[in-house]
Amino acid sequence: MPEVEISPRAYVKMQLHAAKFPWRAVNGLLLAQRSGPDPSQPCLLLTDAMPLFHTSLALTPMLEVALNQVDLWSAANNQVIAGYYQANDQLTDRSPNLVATKIGDRVAEHMRGAVLIMLDNGKLSGEYSGPAVVVYERQDNRWTPKDKNLVMWRDWAGTRQALREMMAARAYRLLVDFDDHLDDIRRDWANGAVNQRLGELTLTPDVDTDS
């Protein structure tokens with residue numbers, strides 16, 4: 001199976017989403033450069049995270065709306081939906097439930113090598129030295145943990161430092177998920193403000209877009 005590389009933007013935004021709603025389960029989509037993975041580019045580079053919901057993670061008509069909106073946005077920015085992430089509402093629960101596997105299956109139908117990422121709620125403070133995620137891949141019609149040697153990080157030290165600074169500044173308050181957007185459509189679900197702030201903290205830009 002191909003390697004997967006998680007960019008600072010994608011990782012930090014997943015953590016901010018969970019930090020904004022620590023008492024609830026949250027979920028979102030992961031984007032990748034449209035060009036991979038393929039035989040000449042075996043690494044799936046996850047460039048961004050798009051927060052979806054914090055009130056209900058069930059398969060609802062609003063999920064279809066969100067999937068369509070993110071698909072259109074990513075296509076316009078030369079990206080593709082390449083993964084799904086979820087944080088459960090229990091501190092010690094990092095296993096994918098039925099909702100996670102069903103949405104992960106939807107993504108995998110359209111993207112070879114798609115991943116499912118579960119957040120480890122017990123390690124979300126930014127103080128833990130290692131990544132607070134478990135990466136799953138789909139093999140033989142089921143989701144299994146991906147070999148950690150195939151999960152790469154673009155500047156892990158810089159990513160961890162950016163997360164610590166964003167947490168200290170309570171930047172999670174700026175994060176907008178689709179639930180927030182549906183409550184007030186003026187709120188930017190693409191999170192341009194968060195992306196800009198992250199860009200100022202990380203030396204290597206994740207993707208060249210206006211948002």
Side-chain angles (χ1 to χ4, degrees), residues 5-34 45-57 62-63 65-87 107 117 119 121 123-128 131-133 153-211:
E5 181 178 337
I6 303 175
S7 71
R9 177 186 289 189
Y11 182 77
V12 173
K13 287 171 70 176
M14 285 189 286
Q15 308 304 314
L16 292 180
H17 195 197
K20 184 175 182 179
F21 303 103
W23 62 93
R24 289 179 174 171
V26 301
N27 67 354
L29 298 170
L30 297 162
L31 306 186
Q33 295 175 334
R34 183 169 289 276
L45 172 58
L46 299 177
T47 55
D48 206 348
M50 292 293 186
L52 292 182
F53 302 112
H54 65 269
T55 56
S56 174
L57 275 54
M62 292 319 304
L63 173 63
V65 173
L67 286 169
N68 184 60
Q69 289 294 312
V70 175
D71 187 49
L72 292 172
W73 187 96
S74 59
N77 288 280
N78 197 35
Q79 298 183 79
V80 63
I81 298 173
Y84 170 80
Y85 75 85
Q86 182 171 305
V107 174
I117 294 181
L119 277 62
N121 295 329
K123 302 176 182 177
L124 295 182
S125 67
E127 298 300 323
Y128 184 74
V133 295
W153 298 91
R154 179 179 293 189
D155 183 16
W156 170 246
T159 298
R160 184 186 177 207
Q161 182 60 31
L163 175 60
R164 293 176 69 177
E165 292 188 30
M166 294 288 276
M167 289 290 196
R170 298 184 180 180
Y172 48 80
R173 295 179 298 182
L174 299 175
L175 193 85
V176 178
D177 66 12
F178 238 85
D179 273 329
D180 295 326
H181 174 72
L182 292 172
D183 287 338
D184 182 353
I185 61 173
R186 296 170 298 180
R187 304 186 71 182
D188 175 23
W189 58 265
N191 285 287
V194 174
N195 293 343
Q196 180 178 353
R197 197 156 188 175
L198 272 171
E200 295 168 355
L201 293 175
T202 55
L203 297 177
T204 305
D206 298 311
V207 63
D208 186 14
T209 69
D210 294 332
S211 298

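Position 1 is the first residue of the sequence, and the numbers go up from there.
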Sidechain-backbone polar pair: Asn191 side chain, Trp189 backbone, donor-acceptor under 3.5 Å = yes
Indicate yes or no for a side-chain donor-acceptor contact from Arg187 to the backbone of Asp184 under 3.5 Å, with no hydrogens or angles considered.
-> no
Taking the side chain as C-beta and beyond, is there a heavy-atom pair between [X] and [Y] under 4.5 Å?
X: Leu46; Y: Tyr85; value: no
X: Leu163; Y: Arg160; value: no
X: Leu119; Y: His17; value: no
X: Tyr172; Y: Met166; value: no
X: Leu30; Y: Ile81; value: no

How are the rings of His54 and Phe21 set relative to one another: parallel (under 30°), tilted (30 to 60°) or perpendicular (over 60°)?
-> parallel
To the nearest 0.5 Å, tell me how far Asp177 CG sits from Asn27 CG.
-> 8.5 Å
How long is the span from the CG atom in Leu175 to the CZ atom in Arg173, to the nearest 0.5 Å?
-> 12.5 Å
When you check the gap from the basic side-chain N to the acidic O, do Asp180 and Lys20 get nearer than 4.0 Å?
-> yes
Using the side chain to side chain contact (heavy atoms under 4.5 Å, CB included) rule, take Asn195 and Lys13 through it: C-alpha gap first, then chi angles, then the decisive distance, then the call.
-> CA-CA 9 Å; Asn195 293 343; Lys13 287 171 70 176; 3.0 Å; yes
Contact summary for [X] and [Y], nearest pair of heavy atoms:
X: Ala190; Y: Met50; result: CA-SD, 4.3 Å
X: Ala162; Y: Leu201; result: O-CD1, 4.0 Å
X: Leu29; Y: Val107; result: CD2-CG2, 4.3 Å

Who pairs with Phe53 by ring pair (Phe, Tyr, Trp, His ring centres under 6.0 Å), at least two apart in sequence or on another chain?
-> none
